[in-house]
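What follows is a set of notes on a single structure, which appears directly below.
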Number of protein chains: 2
Amino acid sequence: MVTIREVAAHAGVGAGTVSRVINESAGVSPTTRARVLESIATLQYRPNPLARGLSRGRCQTIGVIVPFFTQASAIERLRGVVAALGGSRYDLVLFDVETPEHRAEHVATLNRQRADGLLVMSLPLADDELARIMATGMAVVLVDAQHEGLPAVVTDDTEGGRMATEHLVDLGHRRIGFMGDDPDNEFGFNSSALRETGYRVAMADAGITPDEALVLHGPHERGVGTELAGQLLSGPEPPTAIVCCSDVQAAGAIEAIRAAGLRMPQDVSVVGFDDIEMATHLGLTTVRRPLFHSGQLGARLLLEALGVHPPEPQVHELDLELVTRTSTAPPGATSEPQGETT
Amino acid sequence: MVTIREVAAHAGVGAGTVSRVINESAGVSPTTRARVLESIATLQYRPNPLARGLSRGRCQTIGVIVPFFTQASAIERLRGVVAALGGSRYDLVLFDVETPEHRAEHVATLNRQRADGLLVMSLPLADDELARIMATGMAVVLVDAQHEGLPAVVTDDTEGGRMATEHLVDLGHRRIGFMGDDPDNEFGFNSSALRETGYRVAMADAGITPDEALVLHGPHERGVGTELAGQLLSGPEPPTAIVCCSDVQAAGAIEAIRAAGLRMPQDVSVVGFDDIEMATHLGLTTVRRPLFHSGQLGARLLLEALGVHPPEPQVHELDLELVTRTSTAPPGATSEPQGETT
DNA sequence: CGTGGTATTGGAAGCGCTTCCACGTCGTGC
DNA sequence: GCACGACGTGGAAGCGCTTCCAATACCACG
């Protein structure tokens, strides 16, 4: 491992001068600079990022805290982050959160030296957790979460739930079920609850009182979607349409519909949420979340926040969009609906 | 930011003692240890990882070099890595490689201080690149790539190509097309070429001389799959089956088949490669690669290599498996095939 | 020829940690 | 009562870098 001192010795200058050259600081004569650069090339010198970081107090790394890295939606966001970071000089450290303990651990461990900035995805951090992070001086940007005084990239989940439900109402459905995440999940995710609110708003707007037996909750898993949908469909008065708060649960629901020997959309319509790739293949009507874009924008905001002129924290709301495919139709429709939007 | 010295002062001991406590080194009396731990808790002290790394010469981080982070197969592997790293004390730094320049840059930048170990995915690194990496003393594990003297996790691509083709031959196909990656791609990926070899082996075994007009190449993209398949199908003597060297290209091929007004599998059978999630939804018969498992195993091997007793470098070959779904059937089959394997 | 800048430069200090060495302070065996 | 380990412990040195300060050289000007 070549050190800066060896380079200095080789070039016949002081260590400080070499440092000035690598950092492109002003005040090095062109002659000296050239000599130093040559020595660097000859010796194949690479500055030690750790030493640099220790000395400068920052490490050219941004951390991404992402719950359930294994979920398609998280991946899509991460893709956006990677894309945005592509051109920058920052490395990306991944903190996967699968349990509340993970989160606590990461928050506790985190400090300025691990990452200069932090992208927090989907996790509604508690006040004290955020306070601790802020105390380290790290720049923080939230994606799919919100907190006073912090820049954030969000979507309107309530509106999304409303859009999905309204679409079904417009098609003529009255008995509409809803499947969402557990409202009292251990992470404090609340987007599902908001979507449920949107569902209720749309129902109310249409003058329908939701049948509480048609509103079910369970973990964000495909199998759970199958199970919940099975429950809905086997009831005394099954719904003619189901709003799912994720494409994953919707995929499960579709399985349940097939298993029950029912047809989609003739017997049951299904709307999902997210528009992950799978939705295209399933022909799933869904509320598209700008996942990639949100990750990308979040990373950009973070880079800005780390820059020379950090802008005022601002909340960026990205639009949701209803993508109509073949999983929804008027209740009791007899013919296959035509045309698939990709 | 609390430093080790402040903790030492608070506990009335020397900095060395505090260090010994955090690192659980022997030689600290229980009384002192308790006092120090209390001070740490009171002051909420967190060791600075940079300083620690600088001092110890390692940074508790492993790097993952992954080309085309945006590809489903890469993601699946990464999931495995994250899973394997879950319990360890190592952080994960992601190096995305989208262009050969990226790769060169990463290899140049990399040094021991950035990561203690390196997981190289799918990238056939050149000798000099590897030499440079090895010179840093980093532990290296290859996944889906191989190099003398390095631990690796691989699959037999030739055998995979053979399996896929044999399956079609067994079904009675004779005119079988092949679609693969560009053989002279800028990264030096060769798995597609190996699969093509397997295809030729299977054809030869069946006594069939492949029609070179049915062997096409193009970038690993869905759109390209559509295009190539379109070409195959519009020829004077279209194939009755196509072996695709990835599920992504296969998905494109399926589109082309639909677009051409043909039926799958009655008119054309399709076999993919990878078994990404999409394959299930497409009903795609495919050669399953143990993607998750390979990432997980790779990460485990790396952790072992970083451990106290690094094992001898070893090449671990994981099995491929043909997953039969509804995209393949005997040529000219009249009835929908039954039963879907998930 | 003296004065005050400006342009370069070397090198010490310090970032926060680990680790090694030296220094007590005991307890033990004689 | 003394020598000798073993055990705890403090603290200096050093990891490789940045950055600041002082020093030098050089210039133009009067």
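Letters A, B, ... are given to chains in the order of the sequence lines, protein chains preceding strands, and every chain is numbered from 1. These values consider heavy atoms only, across backbone and side chains, with no hydrogens, waters or symmetry-generated copies.
Taking atom CZ on Arg35(B) and atom P on dT9(D), their separation rounds to 8 Å, with Å as the unit. Atom-to-atom, CZ of Arg33(A) to P of dA7(C) comes out at 16 Å; the value is rounded to the nearest Å. To the nearest angstrom, P of dT9(C) lies 16 Å from CG of Asn23(A). dC17(D) atom P lies 13 Å from atom CZ of Arg114(B), rounded to whole Å. dC17(C) atom P lies 9 Å from atom CG of Leu54(A), rounded to whole Å. In this structure, Leu50(A) atom CG and dC17(C) atom P are separated by 13 Å, rounded to whole Å. In this structure, Tyr45(A) atom OH and dG16(D) atom P are separated by 10 Å, rounded to whole Å.
The minimum heavy-atom distance between Arg35(A) and Gly12(A), with the atom names listed, is NH1-O, 4.2 Å.
His220(A) and Asn185(A) share no donor-acceptor pair across their side chains, judged by distance under 3.5 Å alone. Side-chain contact of Asp144(A) with Ser122(A): a donor-acceptor pair under 3.5 Å is present, judged by distance alone.
Side-chain atoms of Gln71(A) do not come within 3.5 Å of backbone N or O of Phe68(A) as any donor-acceptor pair.
Taking 4.0 angstrom as the limit, Thr32(A) places a side-chain polar atom (N or O) nearer than this to OP1 or OP2 of dT9(C). Not one side-chain nitrogen or oxygen of Ser55(A) sits closer than 4.0 Å to the OP1 or OP2 atom of dT19(D). In this structure, Asn48(B) does not reach the dC15(C) phosphate: none of its side-chain N or O atoms is under 4.0 Å from OP1 or OP2. The phosphate of dT9(D) has OP1 or OP2 within less than 4.0 Å of a side-chain N or O from Ser29(B).
Nearer to the 5' terminus of DNA chain D, by closest-nucleotide assignment, is the contact made by Pro30(B) (compared with the other of Arg20(A) and Pro30(B)).
For Arg56(A), the listed nucleotide lying nearest its side chain is dT18(D); candidates were dT18(C), dT18(D), dC15(D).
A salt bridge links Arg79(A) with Glu76(A): the distance from a Lys NZ or Arg NE/NH1/NH2 to an Asp or Glu carboxylate oxygen falls below 4.0 Å.
Proximity of residues 3-18 of chain A to DNA chain C (heavy atom under 4.0 angstrom from any strand atom) is restricted to Gly12(A), Val13(A), Gly14(A), Gly16(A), Thr17(A).
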| Stepwise side chain to side chain donor-acceptor pair (under 3.5 Å) check, Arg289(B) with Thr155(B) | CA-CA 8 Å; Arg289(B) 287 206 288 175; Thr155(B) 51; 4.9 Å; no
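Residues that satisfy the side-chain contact (heavy atoms from CB on, under 4.5 Å) test with His10(B), not counting sequence neighbours, are Ser39(B), Thr42(B), Leu43(B).
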